[in-house]
Amino acid sequence: MKVEFAPLSIPLKRRLQTASVVQWVFSFLGLAQCCIVLFIGLFFTRLWLVSVLYATWWLLDWDKPSKGGRRIHCIRNSVIWRYMRDYFPATLVKTAELDPSENYVVGFHPHGVLVAGAFLNFCTEATGFSQLFPGMTPHMMMLTLWFRVPFFRDILLSGGLVPSDKDSASYVLRRRGGGNMLAIAVGGAQEALDARPGAFTLLLKNRKGFIRLAIEHGAPLVPVFSFGENELFDQVDNPKGSWLRRTQHRLQQIMGISLPLFHARGVFQYSFGLLPYRRPIFTVVGKPIKVEKKHNPSQEEVDRLHQTYIEELCKLFEEHKTKYNVPEDRHLEFI
């Protein structure tokens with residue numbers, strides 16, 4: 001006898017979508033701290049052996065993050081991420097084919113507050129990455145700091161995240177046979193401090209490390225712009241020169257992470273909270289820019305390719321902005 005399940009009611013589906021987003025937001029805000037407390041706290045209970053065994057495993061597995069990570073496909077394919085995709089909703093848009101025999105450096109813009117588009121598209125299968133780009137394996141770079149947190153590091157590795165350092169990047173781009181995509185949120189934590197609705201300012205003018213990396217490995221560059229990324233949260237006014245911006249900048253220098261004071265909606269009301277607004281995200285993947293391999297590129301060569309990259313990113317933005325409700329008179333600005 002065939003058993004059929006009734007489709008989820010709309011209210012229940014929305015609750016599941018909201019729950020998945022709550023999990024995502026607070027996994028980055030509080031899960032790391034919880035993992036630290038759990039690891040240390042277990043030493044003072046009868047389960048102390050769990051922390052001892054994990055510490056042993058941690059030492060043996062210490063180099064794994066810098067050697068391509070350890071993705072777990074059942075976690076990347078979890079239904080939780082599909083509910084999260086539908087919450088906004090989020091869509092991955094392909095504009096050109098990527099040759100799976102090559103490795104690529106992908107520049108993701110803008111960073112936004114919590115890089116929601118990058119996470120959904122490159123760390124999960126919710127938006128159908130493998131179907132759109134068959135033969136490609138995405139690796140998203142994240143601050144090395146988070147890979148030093150017990151338990152939390154393994155959660156990050158399961159999604160295909162790798163530390164944002166040169167050794168980790170080089171390991172991915174040196175892999176023979178191609179098919180690897182190294183995604184970098186170029187603006188980083190500093191750009192997050194300018195993430196607010198209607199903002200199209202990118203921290204890119206002096207960000208050239210990823211350009212040099214691409215040249216050294218002969219990896220084509222792929223510009224990506226995520227429309228709607230900055231629309232998910234409001235942020236407390238922090239103009240440059242203000243005491244708040246100086247404090248945030250100082251904390252970033254000390255800790256390596258920025259602390260934007262963001263807010264949006266709540267779980268049961270829409271006026272204030274830490275959940276992102278339900279606004280669509282369209283992550284558009286541009287066409288690859290051919291890069292000639294050179295072991296020790298000159299600054300002039302880096303600058304020339306950097307300018308080409310900016311031109312292609314602007315072209316990508318201008319070609320698609322009106323499709324995604326960006327006014328015709330708005331253009332990208334670079335700082």
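Of the possible polar contacts, one joining the Gln235 side chain to the Ala192 backbone as a donor-acceptor pair under 3.5 Å is found. When atom types are taken as modelled, the side chain of Glu312 and the backbone of Ile289 share no donor-acceptor pair closer than 3.5 angstrom. Judged by distance alone, the side chain of Lys321 and the main-chain N or O of Arg330 form a donor-acceptor pair under 3.5 Å. A distance-only check finds a donor-acceptor pair linking the side chain of Gln248 to the backbone of Leu259 [under 3.5 Å].
Note on Arg245 versus Asp194: salt bridge recorded, some NZ/NE/NH1/NH2 to OD/OE distance being below 4.0 Å. Here Lys294 pairs with Glu301 in a salt bridge; the nearest charged N to carboxylate O distance falls below 4.0 Å. A salt bridge is absent between Arg207 and Glu191: the closest approach of a Lys/Arg side-chain nitrogen to an acidic carboxylate oxygen does not fall below 4.0 angstrom. Look at Arg196 and Asp234 and you find no salt bridge, because none of the NZ, NE, NH1 or NH2 atoms lies under 4.0 Å from a carboxylate O. A salt bridge links Asp154 with Arg70: the distance from a Lys NZ or Arg NE/NH1/NH2 to an Asp or Glu carboxylate oxygen falls below 4.0 Å.
Between Phe39 and Phe43, the ring planes are perpendicular. Angles over 60° get that label, and only those under 30° would be called parallel.
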Exercise for the section: Tell me, with the steps shown, if Ser168 and Asp165 meet side chain to side chain donor-acceptor pair (under 3.5 Å). Expected result: CA-CA 6 Å; Ser168 301; Asp165 57 57; 2.8 Å; yes
Exercise for the section: Just do the side chain to side chain donor-acceptor pair (under 3.5 Å) check on Arg212 and Gln299 with the steps written out, would you? Expected result: CA-CA 9 Å; Arg212 184 176 294 275; Gln299 188 60 49; 3.2 Å; yes
Exercise for the section: List the steps and the verdict of side chain to side chain donor-acceptor pair (under 3.5 Å) for Glu328 and Thr322. Expected result: CA-CA 6 Å; Glu328 184 66 39; Thr322 55; 4.9 Å; no
For a quick test of your reading: what N or O donor-acceptor pairs under 3.5 Å do the side chains of residues 90-97 make, sequence neighbours left out?
| residue | atom | partner | partner atom | Å |
| --- | --- | --- | --- | --- |
| Lys94 | NZ | Glu97 | OE1 | 2.9 |
| Lys94 | NZ | Glu97 | OE2 | 3.1 |
| Lys94 | NZ | Leu132 | O | 2.8 |
| Thr95 | OG1 | Val285 | O | 2.5 |

Sequence neighbours excluded and cut-off under 3.5 Å, please list the side-chain donor-acceptor pairs for residues 226-233, or say none.
| residue | atom | partner | partner atom | Å |
| --- | --- | --- | --- | --- |
| Ser226 | OG | Glu229 | OE1 | 2.9 |
| Ser226 | OG | Thr283 | OG1 | 2.9 |
| Glu229 | OE1 | Gly117 | N | 3.1 |
| Glu229 | OE2 | Ala116 | N | 2.7 |
| Glu229 | OE2 | Gly117 | N | 3.1 |
| Asn230 | ND2 | Ala199 | O | 3.1 |
| Glu231 | OE2 | Gly198 | N | 3.0 |

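Residues forming a ring pair (Phe, Tyr, Trp, His ring centres under 6.0 Å) with Phe272 (at least two apart in sequence, or on another chain): His263.
Counted within 6.0 Å of CD on Glu300, heavy atoms from surrounding residues, nucleotides or ligands total 12 or fewer; the atom is thus considered open. Counting non-hydrogen atoms of other residues, nucleotides and ligands closer than 6.0 Å to CD of Gln253 gives a total above 12.
At least one side-chain heavy atom of His139 sits less than 4.5 Å from a side-chain heavy atom of Asn180.
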